[in-house]
2 protein chains.
Amino acid sequence: MQSEVLKGSVDVLLLSVLRTGEAHGYRIVELVREQSEGAFDLAEGTVYPALYRLERAGELASRWETVGGRRRRVYRLTRRGRRELVRRRREWEAYSRAMGAALA
Amino acid sequence: MQSEVLKGSVDVLLLSVLRTGEAHGYRIVELVREQSEGAFDLAEGTVYPALYRLERAGELASRWETVGGRRRRVYRLTRRGRRELVRRRREWEAYSRAMGAALA
DNA sequence: GGTTGACACCTAGTAGTAATAGGTATACAT
DNA sequence: ATGTATACCTATTACTACTAGGTGTCAACC
């Protein structure tokens, strides 16, 4: 079923909210909630490991930042990440279309 | 993320292709392929366990049949299965809408 | 001064799906 | 006899997402 689409739902969301600029983990959770109109409220235990995974895969890069005494790790898309975002979004669309056809 | 939606993608496909009548496992694989316009080619190792799971959950019922010397197990939706199909389809739609919003 | 809540990160363990990669058996055509 | 389509079954594995904790900073309030 080529189910990286399924498995990668969180991944594509993370890549997508970073498309307009960098953000740290906690903020990424908020962005996903906002941009999905409240539908996706990702647990931190889901997001942090996913971010490491994406960084290990070369799709994200990060740096440490300190703001108001609080440490943050700020993530941004790499070139590969941007490419992957496009690919995964297309995959999502194909998947979505197929589900639509099957469930019609 | 309420990810039964994700996890249940195969389940809702199986329920859906049975909405117009009963079918056996091998045929169900074909129906999913046809109705998804070729996009979903489920492995038998995915489908059979899923059918057992759905039967154990009371969403499907089955009977044995012999046609041309070949044994088949024919599945049909139960009332609960039909209800679940409606519920899962709605869930899929909400999920799909949210993904659409987030990836827009 | 202590408590609460928001901010911010981290990780070990678990449940569960889907894929992999086999296996068995019948019928029919070549 | 061999191959192909039909038809079912299952053990193992990889991987995701979730659960359920933990650490620490800062600001506000009582």
Side-chain angles (χ1 to χ4, degrees), chain A residues 1-15 22-34 36 39-57 59-60 62-75 88 91-92 95 98-99, chain B residues 1-15 22-34 36 39-57 59-60 62-75 88 91-92 95 98-99:
Chain A
M1 133 169 282
Q2 285 84 269
S3 200
E4 297 93 58
V5 183
L6 284 183
K7 291 188 197 163
S9 276
V10 166
D11 291 4
V12 73
L13 286 171
L14 301 186
L15 294 174
E22 55 183 22
H24 61 285
Y26 199 84
R27 177 69 186 134
I28 288 172
V29 171
E30 291 178 341
L31 287 169
V32 169
R33 191 164 42 234
E34 289 166 16
S36 68
F40 301 136
D41 188 17
L42 301 182
E44 293 175 25
T46 296
V47 170
Y48 290 111
L51 291 172
Y52 307 150
R53 193 199 306 148
L54 289 168
E55 183 162 24
R56 219 169 37 242
E59 301 177 37
L60 296 181
S62 71
R63 60 183 170 79
W64 282 102
E65 189 183 70
T66 302
V67 174
R70 288 199 198 86
R71 282 187 340 145
R72 306 164 158 183
R73 192 159 195 168
V74 180
Y75 290 89
R88 292 188 201 220
E91 238 177 31
W92 160 256
Y95 178 80
M99 282 291 283
Chain B
M1 131 167 282
Q2 285 84 267
S3 199
E4 296 92 56
V5 183
L6 285 181
K7 293 186 195 164
S9 276
V10 167
D11 290 6
V12 74
L13 286 171
L14 301 186
L15 294 174
E22 54 183 24
H24 61 286
Y26 199 83
R27 177 69 184 134
I28 288 171
V29 171
E30 290 178 342
L31 287 170
V32 169
R33 190 165 42 234
E34 289 166 16
S36 69
F40 300 136
D41 189 16
L42 301 181
E44 294 176 26
T46 296
V47 170
Y48 289 110
L51 291 172
Y52 308 150
R53 193 198 307 148
L54 289 168
E55 183 162 24
R56 218 168 39 240
E59 301 178 37
L60 295 180
S62 70
R63 62 184 168 77
W64 283 101
E65 191 184 69
T66 301
V67 173
R70 287 198 199 88
R71 281 186 343 143
R72 306 162 159 184
R73 191 160 196 168
V74 180
Y75 290 89
R88 293 190 201 219
E91 237 176 33
W92 160 256
Y95 178 79
M99 282 291 283

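Here is the naming used below: chain letters follow the sequence lines, and residue numbers restart at 1 for every chain.
The aromatic rings of B:His24 and B:Tyr26 lie parallel to each other, with less than 30° between the two planes, well short of the 60° mark.
The phosphate of D:dC9 (OP1 or OP2) has no side-chain N or O of B:Tyr48 nearer than 4.0 angstrom.
Sequence order on DNA chain D of the closest nucleotides to A:Val67 and A:Pro49 puts A:Pro49 first from the 5' end.
Within the nucleic acid shown, B:Arg70 comes within 4.0 Å of at least one base atom, counting heavy atoms only. Counting any heavy atom pair closer than 4.0 Å across all strands shown, A:Gly69 reaches sugar-phosphate atoms only and no base atom. No engagement by B:Arg27 is indicated, since no non-hydrogen atom pair under 4.0 Å with the nucleic acid exists. Among the atoms of the strands shown, only primed sugar atoms or phosphate atoms (P, OP1, OP2) are found under 4.0 Å from some heavy atom of B:Gly68.
Summarising the geometry, the separation between OH on B:Tyr52 and P on D:dC8 is reported as 8 Å, rounded to the nearest angstrom.
The nucleotide whose nearest atom lies closest to any side-chain atom of B:Arg73 is, among D:dC8, C:dA18, D:dA17, D:dC8. Each of C:dC10, D:dC8, C:dA6 was ranked by its minimum atom distance to the side chain of A:Tyr26; first place goes to C:dA6. The side chain of B:Arg53 lies closest to C:dA18 when the candidates are D:dT16, C:dC9, C:dA18. Among the nucleotides D:dC9, D:dT6, C:dC9, the one closest to the side chain of A:Glu44 is C:dC9.
Salt-bridge annotation for B:Arg27 and B:Glu34: present, with a side-chain N of the basic residue lying under 4.0 Å from a carboxylate O of the acidic one.
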